[in-house]
Amino acid sequence: MPSFATHRLRVHDASRPAHRRLSALRTCLTEFCPYGFYATYHHLCRSAGIPRDLEQDPESLVRAVEELHEARRLWLDELAAWQVGRRAQKRAGVRRPDPPQPSARLLWPEPEFHPGGRLVDVMPGVMRGRLSLEGHQGRDGVCPVCGSDRGSVEWDRDGYGTHTLCAGCGLGLGRRPHRLPYGPERGEVRAAFREHLRLIWKRSPGA
């Protein structure tokens with residue numbers, strides 16, 4: 001399968017049809033999507049101003065992939081530094097990585113509720129957020145990603161559980177079993193969520 005770098009170049013290739021350049025951007029997202037696929041895609045559509053009619057602004061795809069590339073490069077640099085330290089730990093006989101491998105991704109269950117800043121500015125919080133959520137850093141009520149202490153909210157519109165989200169940035173902090181029993185009602189909730197994802201995918205009004 002071609003690499004992120006290959007698909008990034010395809011997004012830049014103005015000789016390709018706009019819809020194929022969009023497809024290349026989406027493939028880049030399968031390799032790097034710090035908010036999860038749909039939430040990262042939704043962010044880039046808003047951040048880069050990708051229109052529903054791509055021919056109105058095909059260069060918005062370049063803006064989007066460059067924002068994604070910038071954030072990915074930051075993560076790769078962090079990962080490379082961690083790998084150097086991990087090799088030294090292995091030579092010293094340390095079997096369990098400390099700290100754990102930097103994560104390039106956390107979970108934002110509500111794909112429209114995510115940090116608003118540029119990805120490169122949010123990535124340090126994403127990478128340290130995994131450590132905090134796994135208990136490797138003290139919890140003081142402040143979200144490890146956005147630095148907010150605005151508390152949490154519950155969200156249960158995907159039909160798979162009740163998610164606890166950071167009220168500041170939407171970071172998923174945990175999930176409980178869905179309050180609805182298995183049956184038609186839960187199926188309707190899931191179907192509505194799938195339709196919502198489809199609207200985001202198509203960049204439709206209201207998504």
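This one's a predicted model, so the numbers in the text were calculated from it and none came from an experiment.
For the pair Arg26 and Trp201, the cation-pi criterion (under 6.0 Å, within 45° of the ring axis) is fulfilled.
Considering only heavy atoms from C-beta on, Leu54 comes within 4.5 Å of Arg203 through its side chain. Here the side chains of Arg52 and Lys202 are in contact, with some heavy-atom distance below 4.5 Å. Residues Cys169 and Ser148 form no side-chain contact, since every pair of their non-hydrogen atoms from C-beta on lies 4.5 Å or further apart. Here the side chains of Val126 and Pro124 are not in contact, with every heavy-atom distance at 4.5 Å or above.
Aromatic rings from Phe37 and Trp108 are positioned such that their centres are separated by 6.0 Å or more.
Among residue pairs with one or both ends in residues 72-82, none qualify as salt bridge (Lys or Arg N to Asp or Glu O under 4.0 Å); sequence neighbours excluded.
Here Arg190 does not pair with Glu185 in a salt bridge; the nearest charged N to carboxylate O distance is not below 4.0 Å. A salt bridge does not link Asp13 with Arg20: every distance from a Lys NZ or Arg NE/NH1/NH2 to an Asp or Glu carboxylate oxygen is 4.0 Å or more.
Here Phe193 pairs with Trp155 under the ring-ring contact (aromatic ring centres under 6.0 Å, His included) rule; sequence neighbours left out. Residues that satisfy the ring-ring contact (aromatic ring centres under 6.0 Å, His included) test with Tyr160, not counting sequence neighbours, are absent from this structure.
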**Study point:** Full working for side chain to side chain contact (heavy atoms under 4.5 Å, CB included) between Leu171 and Leu106
**Key:** CA-CA 8 Å; Leu171 171 66; Leu106 292 175; 3.7 Å; yes

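His196 and Glu112 form a side-chain donor-acceptor contact under 3.5 Å, judged by distance and modelled atom types alone.
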